[in-house]
Each structure stands twice: as C-alpha cells, then as structure tokens.
Amino acid sequence: MREKILYALGAAAALLLARNIWVMLTGLPDEAFQGAIFRIIFFHVPAAFTCFLCFFVALISSIGYLKAGRMHWDALAVSTTEVGLAFGAANLISGMIWARIIWGIWWTWDWRLTSMLVCWLLYAGYLVLRRAVEEPAQRARLSAVLSILSFTVVPFVFFSIKWFRTQHPQPVLYGEGKMDSAYRAMLYGNWVPLLLIAVILIAVRMQQEKRAREIDALRREAHAF
Amino acid sequence: MQYLRQVWTVAAKDLRSELRTKEALNASLSFALVILLLFSFAFDPTAEMTREISGGLLWLVFAFAGALLLNRSFARELENDCLDVLVTSPVPASALFLGKTVANWLLLLGIEIVCLPVFGVFYNVDWARQPAWLAVVLLLATWGITVIGTMFSALTVNLRLRELMLPMLVYPMLIPCLMAAMQLTTALVAGQAPTGDQLAWLRMLVGFDIIFTALSVTLVETVLIG
C-alpha cells in the first residue's frame with residue numbers, strides 16, 4: 001500500500017514537471033534583460049526553498065529526538081538532511097550555470113553564494129560525523145546536536161541578500177520584489193513537483209533507515225547467542 | 001557564585017596540567033610558527049602586501065594552532081577514565097564546559113601574544129598601532145574559536161578519527177567569526193580605527209559569541225551525559 005502511494009506521488013510529480021517544462025518553454029516569453037536563461041529560476045529558487053525546508057524539518061526532528069529519544073526522529077533527521085543536501089547541490093549548480101551565462105563566471109565570493117556553500121558543507125559534515133560513530137543511540141544524539149548548531153547558518157543564508165551588498169539578484173518574491181504574475185505562478189507551481197520528489201525520497205530513505213535498524217537488531221540478537 | 005567557582009576550578013585544573021606537561025601548548029605554538037614561516041613562500045612578503053592580508057594570515061595561523069590545542073582539551077581526559085569522573089562529579093556539565101573553554105581561551109590568547117611580535121618581525125609590520133581595539137578583537141574572536149572548538153572537542157571525544165573530525169566540523173562553523181576577525185585585524189594592523197563597516201563586523205563578532213555560547217551551554221549536557 002505504502003509503495004503504491006509513493007509510485008502514485010512519483011507519477012504525479014513527473015507529470016507536473018513535464019507540464020511545467022512544456023509551459024516554460026512554449027507558454028512563457030523570454031525575460032526582457034536575461035533572455036532564455038532566466039527560466040533556470042523556476043528550478044533554482046524552489047530547490048533552495050526545498051533545501052531549507054528539509055533542514056528545518058531536520059532541526060525539528062533533531063530536537064524531537066533529544067526530547068523523546070525515539071529512533072524514528074533520528075531517521076527523519078538524517079533522511080531530510082540527505083535530501084536537503086541534494087536540493088542544495090541542485091540550487092548551487094543551477095546558480096552556477098546561470099552565473100556563467102549572465103555574469104560570465106562560474107563562481108564569485110559573494111555573501112549569498114559563500115554562505116550557501118558554508119551551509120552545504122556544514123550539513124555534509126553532519127553526514128561525515130554519522131559515519132564516524134558506531135553506536136546508534138550515541139550517533140543519533142551527537143548528530144542531533146550538530147544539526148541544531150548547523151541550522152544557525154540557514155537564516156543567515158536566507159537574509160544575506162538583504163543584510164549585505166551582494167551581487168546576487170535581490171529577492172523577487174518578498175520585500176520590494178516585483179515579478180510578473182505568470183512567472184510568479186510558475187515559480188510556485190514548479191515548487192510543487194520538487195516538494196513531491198523530496199517527500200518521496202525522504203519516505204524511501206526513512207524506510208531504509210528502519211530496515212537498517214531491524215537488520216542491526218537481528219545481528220545483535222544473533223551475536224548474543 | 002558557586003557556579004563561577006566550579007568553572008574556575010575546572011579552568012585552573014586544565015591550565016595547571018597543561019602548563020606542567022606543555023604537550024598541546026608546545027605542539028600548537030611550534031605549529032603556529034611553522035605556518036607563519038610557510039606563508040612567506042605563498043606570497044611575496046613585502047610590507048605593502050603583508051598589510052593587505054595580515055588579518056587573514058594571522059587568523060588562519062590562530063585557527064590552525066587552536067585546532068591542535070582543542071583536540072587535546074577533552075581527549076586528555078580519556079586516560080584513566082578522567083572524563084567519566086568529571087561527568088559524575090557534582091559539577092554541572094555546563095560549568096565543566098565553560099571551565100574548559102576558559103582554559104583553552106587563555107592558552108590560545110597566550111599563543112597569539114607570542115605569534116604577534118614574531119609576525120611583526122618576520123614580515124616587517126608595525127602591528128600595534130591600535131592596541132586597545134586589537135585586544136578587543138583578539139579577546140572576542142578567540143572566545144568564538146574556543147567556545148565552538150571546545151564544544152566540538154566534547155562532541156568528537158569518543159569518535160574514531162577524532163583528530164580529523166574536529167577541524168572538518170569546526171572550520172565551516174567558524175567562518176563568520178574568522179571572517180569578521182580577519183576584516184577587523186587587517187584594518188587595525190593598517191592603523192585605522194574601526195568605523196561604519198568595521199563596527200558592523202564587530203557587532204557580528206559579539207553576536208556570534210553570544211549565540212554560540214548560549215547554544216553550547218544549553219546543549220553540552222546532552223553531548224557529555226546524554
């Protein structure tokens with residue numbers, strides 16, 4: 001049953017994505033200053049939102065683990081962190097492609113770019129830390145603490161374009177942002193399939209964590225005899 | 001009041017054992033000097049050039065030296081199960097943590113005070129033109145390094161590959177603190193008193209210290225006791 005739901009969600013995400021790409025390429029006109037490449041924003045921004053949302057859920061589940069001590073909170077934290085990292089990478093790479101076309105360079109040491117990279121590296125460090133701890137309860141505890149500490153960077157990344165002078169384009173959705181309503185609708189509209197994909201990946205990953213725990217328990221039982 | 005005495009007892013214990021053995025201190029100080037030397041090959045060490053990058057150079061040296069010092073902070077207690085005794089003693093975990101942080105802070109400040117004149121001599125820089133401001137920046141940024149470093153030292157103490165994990169986790173976390181310290185130090189070494197932009201960096205440094213001290217004090221009990 002659970003698997004059928006995941007397949008259905010996957011199919012829905014694929015269909016939505018195909019429809020969105022079709023509309024993007026045929027329905028929406030090129031942006032006045034940037035030309036065709038601006039369409040990358042429909043993936044770049046939702047990927048960042050998904051990434052931050054994942055890290056936020058990881059923060060909540062880390063606190064949940066420290067409060068309740070249940071292993072499924074830890075499974076949720078590691079799953080969301082991994083998926084968040086994937087979407088963070090998508091955000092960084094799509095941004096670099098855009099920068100190559102518009103700015104002429106792949107990377108610049110700008111506040112927004114740098115803070116996002118730091119954020120990504122911190123959460124990558126979270127995964128490395130997990131590898132280094134053998135005992136599951138200790139691993140869950142230490143990585144929960146690291147996840148809470150790491151989240152301090154996320155608001156910094158988010159607001160860096162307001163707080164500092166940066167080369168990164170100013171926000172188009174909030175504040176003084178202005179964006180044509182058709183573009184805006186597409187930006188949010190494309191967030192839906194990306195969120196669906198994230199949910200599917202997290203569900204699969206949590207299932208794996210549960211299986212790994214079961215196998216671990218069986219192995220301990222076998223050694224006990 | 002009793003809490004402060006507990007913090008100081010732990011700090012004094014750490015300082016005493018470090019000053020008697022000097023194991024981390026010697027390694028850290030000589031490492032700092034080696035890096036100072038290595039930097040002279042990385043760029044042409046003219047006075048002009050050095051002034052421009054002095055902040056970055058100095059804080060990288062301090063951060064590297066600090067990692068060596070911080071690695072030992074909790075690892076030292078593993079022998080003879082000292083850590084278990086400390087954790088079970090009536091001292092709260094946060095006092096234990098703050099005590100160790102204070103000890104590391106003083107040790108790292110000591111290393112910095114030795115490194116600065118050496119830097120001045122080797123690179124022909126008159127670094128003490130804004131001594132009061134420089135002292136403020138040193139105190140604040142070193143606290144940032146040690147509070148995060150001590151926290152991660154506690155976090156990684158029981159891990160395999162402890163010596164590798166600590167710098168890998170600490171440096172990305174430290175970036176805001178180091179960045180502010182580098183910007184401020186470069187300006188101060190060049191003899192400018194902080195204005196506008198630099199005061200914003202100073203505020204960031206203070207904010208960084210407050211946020212991470214509060215977070216670490218809250219979370220350290222979970223890390224050490226569970």
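Source: prediction; values computed, not measured.
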- [ ] Flag the pair A/Phe49 / A/Trp191 as yes when their ring centroid distance falls below 6.0 Å, and as no otherwise.
- [x] yes

- [ ] Please state whether the side chain, the backbone, both or neither of A/Glu134 comes within less than 4.5 Å of a heavy atom of chain B.
- [x] side chain

Task: Donor-acceptor under 3.5 Å (B/Ser216 side chain, B/Thr213 main chain) - done: no

Task: Structural part of A/Leu66 lying under 4.5 Å from a heavy atom of chain B - done: side chain

Open item on the list: So which residue, A/Leu121, A/Ile148, A/Leu122, ends up with the most heavy-atom pairs under 4.5 Å with chain B?
Closed with: A/Leu122

Open item on the list: Aromatic contact between A/Phe56 and A/Phe52, with the criterion being ring centroids under 6.0 Å apart: yes or no?
Closed with: no

Task: Per-residue contact mode, A/Ser115 against chain B (heavy atom under 4.5 angstrom) - done: neither

Task: Test: A/Arg139 and A/Glu135 ion pair at under 4.0 Å - done: no

Open item on the list: Nearest 0.5 Å, please: how far is CZ in B/Phe97 from OG1 in B/Thr218?
Closed with: 10.0 Å

Open item on the list: Please classify the contact between B/Met165 and chain A as side chain, backbone, both or neither, with a heavy-atom cut-off of under 4.5 Å.
Closed with: side chain

- [ ] Please look at A/Trp111 and chain B and tell me whether the side chain, the backbone, both or neither of the residue comes under 4.5 angstrom of a heavy atom of that chain.
- [x] side chain

Task: Side chain, backbone, both or neither of B/Ile175 within contact of chain A (heavy atoms, under 4.5 Å) - done: side chain

Task: Options A/Val153, A/Leu146, A/Val128, A/Thr114, ranked by heavy-atom pairs under 4.5 Å with chain B, top entry - done: A/Val128

Task: B/Tyr171 portion near chain A, given a 4.5 angstrom heavy-atom threshold - done: neither

TODO: Under 4.5 Å, counting heavy-atom pairs only, tell me which of B/Leu161, B/Thr156, B/Leu219 racks up the most with chain A.
DONE: B/Leu219

Task: Donor-acceptor side-chain pairing of A/Ser143 and A/Arg130 below 3.5 angstrom - done: yes

Task: Modelled atom types, side-chain donor and acceptor of B/Trp127 and B/Ser54, under 3.5 Å - done: no

TODO: Measure B/Ile211 against the heavy atoms of chain A and call it side chain, backbone, both or neither at under 4.5 Å.
DONE: side chain

Open item on the list: Hydrogens and angles aside, do A/Trp73 and A/Ser62 bring a side-chain donor and acceptor to less than 3.5 Å of each other?
Closed with: no

